[in-house]
Amino acid sequence: MKELNKMAVASFQVFLSPVKREEVEETPFLSSIKLSSKSKANFRPVVPQNLSSSYFVSATYDGEKRAVCIKLYEPKSAKIYFWYSGTEHRPYCLSNLPPQELEKLDRLMSHPGFDHFETVRRYDLLLDREVNLTKVVAKDPLAIGGRAKGCIRDVIPEDYPKVAGNQKVKVWEAFIKYYQCYIYDQDLAPGMIYRVANGGLVPVEYERSEDVVNEIRQLFQNESKELLHHIENWARLLECPVPDFRRVALDIEVFSPVATRVPDPAEAAYPVICASLLGSDGRKRVLLLKREGVEYGAEKLPPDVKIEFYNSERELLLKVFEALWDYPFVITFNGDDFDLRYLWRRAQNPELNFRRSEVPIEAGRRVCLLAHGIHLDLYKFFFNRSIQVYAFSQKYRGVTLDELGEALIGKTKIELKKTFQELTYTELAQYCLRDAEITLGLTTFDNDLVMKLILALTRISRMPMEDVTRQGVSRWIKSFLQYEHRRRNMLIPNAEDILALKGRTTTKAIIKGKKYKGAIVVEPKPGVHFNVAVMDFSSLYPSIIKVHNLGYQTILCPHQECKVNKVPETDNWVCTKRKALESLLIGSLRDLRVEWYKPRSRDETLSSEMRSWYNVIQSALKVILNASYGVFGAEAFDLYCPPVAEATAAIGRHAITQTIKSAQELGINVIYGDTDSIFLRSPSPEQVDSLMKWSERDLGMDLDLDKAYRYSVFSSRKKNYLGVFPDGSVDIKGLTGKKSHVPVFLKKAFLEMVNRLGKVESPAEFQEAKREIQRIVRDYYLKLKRREFEPEELAFEVVLGKMPGGYVKTTPQHVKAARLLQDKGKDIKVGDSIRFVKVVKDPHVKPVDLVSKSEVDVDKYIAYLQSTFDQVLDALGLNFDEIIGRTSLDRFM
DNA sequence: GCGGACTGCTTACCT
DNA sequence: ACAGGTAAGCAGTCCGCG
């Protein structure tokens with residue numbers, strides 16, 4: 001085990017005046033606590049010489065100490081401790097110029113942050129050979145790449161051509177945050193357990209069951225040694241137990257002179273009038289500012305909620321700050337941009353007279369972090385598309401506290417009938433408390449699922465918890481790939497170098513403006529098909545990346561002899577001599593999820609606690625795996641390499657076409673397929689089995705039976721079908737009647753039909769069902785004709801993708817409605833759902849609240865009813881016009 | 001000046 | 001700031017039309 005040297009600094013967090021606070025208890029495992037007498041450090045939590053097992057939860061760079069600060073969470077005391085790196089590691093970047101050439105650069109040599117040169121060797125994966133490089137070591141990360149002019153990474157390529165002509169000079173690894181650099185080089189594992197011994201940071205091996213280790217080894221014995229090694233490494237990170245996170249949810253309310261305006265945190269011009277602090281320890285506090293003319297109110301708050309009144313805003317803020325110094329984790333919803341930012345800005349107000357050291361918030365340009373604990377902004381986390389789609393299977397749509405609360409924990413915000421100023425104290429308290437309840441609830445439901453998910457992602461990505469919650473999946477993947485490069489002494493390439501060598505694609509996308517051809521969708525066979533089996537490749541793209549050795553190094557590699565190893569349908573070739581890092585890492589994650597965590601998350605022989613943890617891990621892996629192909633086609637990704645994405649998709653197309661061919665040769669009727677799946681009409685178990693074996697043998701990939709339908713209904717439209725399971729439940733894909741923006745009137749009609757279809761068990765029962773479906777269609781048609789509806793039921797609900805003013809090319813209907821709302825003084829933001837009804841009069845839309853029954857454009861709704869039902873009626877051999885008794889002449893009229 | 005054919009924009013969805 | 005493919009509706013444009 002490796003011990004790291006560091007410098008030990010002072011003690012514990014101590015509050016001197018003006019904040020009164022109980023003496024902090026000394027915990028027995030802290031051997032030396034030094035209390036700093038310097039007022040500047042009053043509020044700084046400090047470093048113990050010794051500390052028992054604690055979780056590495058965060059890392060930052062401390063500019064004053066010129067050291068990496070690692071935040072350790074000790075779960076028994078439920079406190080955060082700091083550990084600082086020493087001088088053994090310094091920020092650096094790499095250059096291809098030898099030291100004697102670099103020495104010619106005045107601005108480099110005279111840079112106050114420059115320290116020294118070292119000569120190093122690295123493996124350059126693009127060139128497939130070792131290279132000699134100079135490590136330019138600095139005293140401070142800002143010297144390498146600060147915002148000030150003349151930082152080292154700019155100076156080297158700018159100045160060298162001036163002294164030596166046009167020679168190609170480059171720098172590498174100059175854009176890596178220093179604390180990440182430190183994590184990679186010291187082989188640290190965020191999210192894992194460490195202790196501090198004599199001032200050194202020591203990894204702690206947790207107790208692992210021998211059985212688990214052996215079972216994993218057994219399970220993957222046929223894989224390569226390298227792959228097994230990675231599987232075991234990931235498992236070591238992911239099997240590690242999870243602590244209980246002591247945390248507080250914070251929500252504040254601010255006075256506003258204009259009822260419809262939210263106060264701007266950049267100004268923080270108005271007082272904070274209420275704050276809720278809801279602890280995972282059960283403490284529930286609502287802090288209220290006493291104001292003139294405000295009534296107490298009759299509302300009863302729960303008895304365990306402590307209501308605190310403050311005569312001055314300063315006192316109130318001090319109490320809030322006290323909690324922010326105390327709790328190791330602080331949870332907010334949009335705290336980066338509102339709650340914490342507002343508090344921070346407010347504390348700058350000279351009238352409130354706060355000293356810098358009293359304020360626990362460190363406001364950056366886009367984030368607000370805590371000087372002491374960890375701030376997790378759930379808005380950013382739930383906004384993450386990958387989290388939304390893959391971890392929560394689109395259970396929520398809009399990313400608002402209200403919608404998330406409703407969708408995940410069944411708790412909504414309190415609806416206000418009055419403006420903020422008109423609220424009584426208790427009404428305000430209730431409102432604010434509810435927001436904090438939802439915020440905390442979002443981290444506690446399903447046994448702290450969200451906290452566990454964040455921790456799992458922290459371990460995989462090797463990033464601090466704060467960063468994991470704020471950044472997208474491409475950053476997570478980048479981070480662990482950078483770590484793996486450093487582990488192996490490989491040079492982390494510059495994006496432009498990959499692009500220069502491997503930026504071209506050879507296939508033509510079907511969609512205009514896309515870079516390469518994607519997946520195949522099989523033309524469906526329209527009609528009703530009984531006994532349908534759906535087979536699919538488990539994790540198709542990650543499997544391809546694994547099996548076909550794909551990565552930026554191996555695609556279009558420099559070896560002449562590999563050029564025959566062509567990717568089908570493209571001009572790309574893949575290396576036959578080296579193993580790609582991405583192939584190894586994504587492959588091992590895939591195998592671990594598919595073969596280990598997914599089955600065990602459903603294994604009834606395990607405790608429910610174990611199952612739920614395994615379920616968290618398998619969804620974390622799912623999030624990463626689902627993005628692992630896409631990132632190579634995403635310009636923002638540091639290892640952006642379009643031919644890798646192109647090859648992955650091409651091999652995917654090849655795999656599914658071959659599979660369809662093979663199925664047909666086995667005499668199976670393939671009725672549909674999309675990307676990685678094929679739909680088979682009443683195949684025999686033997687046929688299914690043969691196909692699985694064929695895939696395993698000929699493609700080297702797992703083709704599994706995914707689901708079986710009693711019957712399925714297809715129109716001629718792709719990505720558009722309905723399948724009835726043996727138990728009568730109905731799987732609906734892509735049909736308009738299920739889409740979220742469709743008026744409830746149409747959804748209700750559609751649902752009635754779906755329910756009827758769920759009851760059909762055999763072809764013979766279809767006649768009766770068809771008759772009833774015709775009746776349903778007629779009923780709803782007549783309801784529209786007779787205007788038997790409420791405008792509310794006819795509202796479309798479409799989300800604004802931009803600010804209403806941002807639409808310059810066209811003005812879609814929901815934007816027209818949004819602008820009408822703005823005219824009424826409503827505050828409209830990106831992401832808001834706009835509810836509107838189609839009307840006869842000119843702009844043809846109206847916000848739902850302004851519509852009366854008589855203005856509704858009934859014909860438009862009948863047309864919508866038709867298109868909604870046509871998707872299914874086609875397949876049933878029914879015709880909308882005939883059902884409603886409309887002749888072609890009627891339609892002409 | 002109007003309608004049809006067309007393209008492009010936008011959203012929601014599938015894998 | 002993961003990808004491409006598909007459906008649907010509407011907005012805008014162009015062209016023909018005595």
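Both backbone and side-chain heavy atoms feed into the values below; hydrogens, waters and symmetry mates do not. Since we're looking at a predicted model, the values are computed, not measured.
Counting atom types as modelled, A:Tyr640 pairs no side-chain N or O with a base atom of C:dC2 as donor and acceptor under 3.5 Å.
Within the 4.0 angstrom heavy-atom criterion, no nucleotide atom of any strand lies near A:Lys478. A:Phe537 comes within 4.0 angstrom of no nucleic acid atom, judged by non-hydrogen atoms across all strands. Backbone-only contact: A:Arg470 has heavy atoms under 4.0 Å from sugar-phosphate atoms and none from a base. Residue A:Tyr864 is in sugar-phosphate contact alone, with no base atom involved, counting any heavy-atom pair closer than 4.0 Å across all strands shown. Base contact: A:Ile511 has a heavy atom under 4.0 Å from a base atom. Residue contacts for A:Tyr516: at a heavy-atom cut-off of 4.0 Å it reaches the sugar-phosphate backbone alone, with no base atom in range. A:Ser867 comes within 4.0 angstrom of sugar-phosphate atoms only, judged by non-hydrogen atoms across all strands, and of no base. Counting any heavy atom pair closer than 4.0 Å across all strands shown, A:Ala636 reaches a base atom. A:His844 comes within 4.0 angstrom of nothing in the nucleic acid, heavy atoms only. Using a 4.0 Å heavy-atom cutoff across all strands shown, A:Val815 reaches no nucleic acid atom at all. Heavy atoms of A:Tyr807 sit under 4.0 angstrom from primed sugar atoms or phosphate atoms, though from no base atom. Contacts of A:Gln871 with the nucleic acid, taken as non-hydrogen atoms under 4.0 Å apart, involve only primed sugar atoms and P, OP1 or OP2. Using a 4.0 Å heavy-atom distance criterion, A:Lys739 is classed as a base contact. Counting any heavy atom pair closer than 4.0 Å across all strands shown, A:Lys802 reaches sugar-phosphate atoms only and no base atom.
Atom pair A:Lys622:NZ and B:dT15:P shows a separation of 12 Å (rounding to whole Å applied). At whole-Å resolution of the value, NE2 in A:His741 and P in B:dT11 are 11 Å apart. Distance, A:Lys733 NZ to B:dA12 C1': 14 Å, rounded to whole Å. In this entry the distance linking CD of A:Gln388 with C1' of C:dA1 reads 14 Å, nearest Å. In this structure, CG of A:Asp674 is placed 9 Å from P of C:dT6, rounded to the nearest angstrom. Between the OH atom of A:Tyr396 and the P atom of B:dA12 there is a distance of 15 Å, rounded to whole Å.
The side chain of A:His814 has B:dT10 as its nearest neighbour among C:dC2, B:dT10, C:dT6. Here the nucleotide nearest the side chain of A:Lys719, chosen from C:dA7, C:dG5, C:dC10, is C:dG5. When the nucleotides B:dT15, C:dC10, B:dA12 are ranked by their closest atom to the side chain of A:Lys860, C:dC10 comes out on top. Picking from B:dA12, C:dA8, C:dG12 the nucleotide with the shortest atom distance to the side chain of A:Val799 gives B:dA12. Candidate nucleotides C:dG4, C:dC10, C:dG12 were compared by shortest atom distance to the side chain of A:Gln813, and C:dC10 ranks first. Relative to the side chain of A:Tyr629, the nucleotides C:dG4, C:dG12, B:dT15 differ in distance, and C:dG4 lies closest. The A:Tyr390 side chain lies nearest to C:dC2 when the options are C:dT6, B:dT11, C:dC2. Closest to the side chain of A:Lys517, from the set B:dT15, C:dG5, B:dC9, is C:dG5. Of the candidates C:dG5, C:dA7, B:dT15, the closest approach to any side-chain atom of A:Asn720 belongs to C:dA7. Of the listed nucleotides (C:dG5, C:dC2, B:dC14), C:dG5 has the atom at the smallest distance from the side chain of A:Ile510.
A:Lys838 and A:Gln813 are linked by a side-chain donor-acceptor pair at a separation below 3.5 angstrom, with hydrogens and angles left out of the test.
At distances below 3.5 Å, not a single donor-acceptor pair connects side-chain atoms of A:Tyr711 with backbone N or O atoms of A:Val532. Between the A:Gln471 side chain and the A:Trp476 main chain, no donor and acceptor come within less than 3.5 Å of each other.
One finds a salt bridge joining A:Arg470 and A:Asp336 here, because a Lys/Arg side-chain nitrogen approaches an Asp/Glu carboxylate oxygen to under 4.0 Å.
The shortest non-hydrogen separation linking A:Gly633 to A:Ala645 is N-CB, 3.8 Å.
Comparing A:Thr810 and A:Asn384, the nucleotide of DNA chain C nearest to each residue sits closer to the 5' end for A:Asn384. When the nearest nucleotides of DNA chain C are assigned to A:Ile520 and A:Asn626 by heavy-atom distance, the more 5′-ward of the two goes with A:Asn626. Mapping A:Gly806 and A:Asp536 onto DNA chain B by nearest heavy atom places A:Gly806 at the nucleotide closer to the 5' end.
A:Tyr709 and A:Phe725 have tilted rings, their planes meeting at an angle from 30° to 60° on a 0 to 90° scale.
Between A:Lys517 and A:Glu646, the closest side-chain pair of non-hydrogen atoms is not below 4.5 Å.
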